K.L.:
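One structure, pasted below without further comment.
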Amino acid sequence: MAASTSTLNVPSLNPKLSSSLSISSPAQFSISSLSLRAAHGRGSRRFVVLATGGLDAKPTVLVAEKLGAAGLDLLKEFANVDCSYNLSPEELNTKISLCDALIVRSGTKVSREVFESSGGRLKVVGRAGVGIDNVDLAAATEHGCLVVNAPTANTVAAAEHGIALLAAMARNVAQADASVKAGKWLRNKYVGVSLVGKTLAVMGFGKVGTELARRAKGLGMHVIAHDPYAPADRARAIGVELVTFDEAIATADFISLHMPLTPTTSKMLNDETFGKMKKGVRIVNVARGGVIDEEALVRALDSGIVAQAALDVFTKEPPSPESKLVQHENVIVTPHLGASTVEAQSCMAVPVSNLVISLVNHGRELQGNDLSIHFPTNRCYQSLNHMSYSLRNLVVWLSS
Ligand SMILES: O=C(O)[C@H](O)COP(=O)(O)O
């Protein structure tokens with residue numbers, strides 16, 4: 001699919017740069033960065049981006065969830081940092097009026113109330129991770145607040161966790177571990193299934209989906225993928241065939257979910273789609289809980305359509321421990337650990353902190369060839385509107 005392009009006016013400090021910049025967003029399933037190019041330029045140019053309305057005094061950054069140490073050190077150099085974890089929504093709303101920037105992971109809901117409570121002071125929300133479904137982007141836009149993320153830092157961690165769940169599910173590792181620890185020795189009960197030669201459907205062939213597919217190929221699986229926006233040649237290059245949604249779910253022995261949560265993907269797996277699957281299919285979800293109708297999944301597990309599920313993410317996190325899904329004997333669960341490796345956490349903290357500081361404090365510059373700034377509309381299902389509004393808060397300088 002062709003890249004989608006939108007043009008808007010951004011104030012420029014440099015006469016060499018036309019004030020009209022073309023922003024192109026390759027329409028892929030999991031686009032995470034957007035590149036800016038001068039309207040008259042050829043190829044990549046070097047940009048420096050400065051946030052307008054920077055602060056004279058040191059900005060205050062609220063870090064609402066645990067962030068890698070290197071990122072915190074960077075923040076502390078340029079800002080007053082308030083690390084307050086596990087805030088209630090009310091506490092967050094109260095604190096936010098004293099903050100210029102907020103850094104979160106997936107556990108903090110940055111709702112409309114947060115922006116309203118900030119009284120206009122909040123300039124940047126940094127998402128130390130990929131998913132920005134916990135940030136109300138429309139409210140951010142209305143309040144002139146930029147939202148930035150770290151779209152690549154945890155790709156490998158999430159793909160590796162998907163593979164870990166896939167193998168653990170197929171070989172009943174979690175159930176067998178619990179039974180041995182409970183004094184049992186159930187060698188017949190926990191006979192598993194092999195991965196080699198099985199068809200794996202990767203739903204969402206973006207960064208994580210692609211990395212997981214590559215690894216699954218290494219395990220001898222036949223990998224197909226569905227993604228309305230992924231280029232066929234990228235899939236072909238690693239020996240993956242792109243197929244329709246219905247073909248993917250109807251032929252797969254294993255399904256691994258890698259799409260973002262959007263209005264289009266919400267409850268994509270439901271009674272109807274489970275009904276089209278091969279009996280005995282096994283499902284892995286390291287994307288977002290909301291892409292599965294969880295009650296429908298319990299029904300599909302009970303009826304045997306779905307033999308097993310391995311879930312890292314849930315519609316509501318944490319899920320109730322009494323939840324039928326969590327307690328189901330054919331389901332294994334982890335507490336949203338996809339990005340939780342030492343390497344991913346340290347990798348993601350620095351770029352997010354850097355972006356936040358750069359944007360909140362115009363004394364620091366952000367530089368790049370293809371502009372290294374990530375905007376909130378990093379999913380094809382979202383419009384370019386939010387990005388355009390966000391860009392109006394920026395000044396762009398073409399330095400070469
Ligand atoms: O969106 C993400 O980056 C992943 O789901 C990880 O979320 P986390 O930062 O809360 O671990």
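Whatever order the structure lists ligands and atoms in, that order sets their numbers, starting from 1. For clarity, every value in this text was computed on a predicted model and none was experimentally measured.
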K.L.:
Please work out whether any backbone atom (N, CA, C, O) or any side-chain heavy atom from C-beta onward of Val313 is under 4.0 Å from ligand 1, and answer side chain, backbone, both or neither.
P.N.:
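Neither part.
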K.L.:
By number and element, which atoms of ligand 1 are closer than 4.0 Å to a non-hydrogen atom of Gly129?
P.N.:
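What qualifies from ligand 1 is 3 (O).
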K.L.:
Looking only at the side chains, is there a donor atom on one of Asp227 and His258 sitting less than 3.5 Å from an acceptor on the other?
P.N.:
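Judged by distance alone, the side chains do not pair up.
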K.L.:
Got a salt bridge between Glu91 and Lys95, using NZ or NE/NH1/NH2 to carboxylate O under 4.0 Å?
P.N.:
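No salt bridge links Glu91 with Lys95.
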K.L.:
Give the numbers and elements of all ligand 1 atoms closer than 4.0 Å to a heavy atom of Gly131.
P.N.:
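Close to Gly131: 1 (O), 2 (C), 3 (O).
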K.L.:
Please confirm whether the backbone N or O of Thr108 pairs with a side-chain atom of Glu65, one donor and one acceptor, at under 3.5 Å?
P.N.:
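Between the backbone of Thr108 and the side chain of Glu65 there is a qualifying donor-acceptor contact (under 3.5 Å).
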K.L.:
Below 4.0 angstrom from a heavy atom of Ala128, which ligand 1 atoms are there? Numbered from 1 as shown, please.
P.N.:
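Near Ala128, the atoms of ligand 1 are 9 (O).
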K.L.:
Side chains of Thr244 and Asp246: donor-acceptor distance under 3.5 Å anywhere?
P.N.:
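Thr244 vs Asp246: no donor-acceptor pair found between side chains.
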K.L.:
Select the closest option to atom 1 (O) of ligand 1 among Lys66, Arg288, Gln345, Glu317, judged by heavy-atom distance.
P.N.:
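Going through Lys66, Arg288, Gln345, Glu317 one by one, Arg288 has the nearest heavy atom to atom 1 (O) of ligand 1.
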K.L.:
What protein heavy atom lies closest to atom 6 (C) of ligand 1? Include the residue and the distance to one decimal.
P.N.:
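Going by distance alone, atom 6 (C) of ligand 1 is nearest to Ala339 CB, 3.4 Å.
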K.L.:
Side chains of Asp312 and Thr334: is there a donor and an acceptor less than 3.5 Å apart?
P.N.:
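Thr334 and Asp312 do have a side-chain donor-acceptor pair below 3.5 Å.
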K.L.:
So, His143 and Ser118: side-chain donor and acceptor under 3.5 Å apart, yes or no?
P.N.:
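His143 vs Ser118: no donor-acceptor pair found between side chains.
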K.L.:
For atom 7 (O) of ligand 1, which candidate among Met348, His161, Glu65, Arg127 holds the nearest heavy atom?
P.N.:
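Selected option, by shortest heavy-atom distance: Arg127.
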K.L.:
Which residue and non-hydrogen atom of the protein lie closest to atom 10 (O) of ligand 1, and at what distance in Å?
P.N.:
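I find the closest protein heavy atom is Ser106 OG, 2.5 Å.
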K.L.:
Does this structure show an ion pair linking Glu142 with Arg112, if we count only N-O contacts that are shorter than 4.0 Å?
P.N.:
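Yes.
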K.L.:
Return the residue, atom name and 0.1 Å-rounded distance of the protein heavy atom closest to atom 3 (O) of ligand 1.
P.N.:
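Checking every protein heavy atom, the shortest distance to atom 3 (O) of ligand 1 gives Val130 N, 2.6 Å.
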K.L.:
Go through the side-chain N and O atoms of Ser97 and Arg121 and say whether any donor and acceptor fall under 3.5 Å apart.
P.N.:
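Note: Ser97 and Arg121 side chains miss the donor-acceptor criterion.
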K.L.:
Which protein non-hydrogen atom lies closest to atom 4 (C) of ligand 1, naming both residue and atom, and how far is it?
P.N.:
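Answer for atom 4 (C) of ligand 1: His336 NE2, 3.7 Å.
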K.L.:
Measure the distance from atom 11 (O) of ligand 1 to every protein heavy atom, then report the residue, atom name and distance (to 0.1 Å) of the closest one.
P.N.:
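Result: Arg105 NH2, 2.7 Å.
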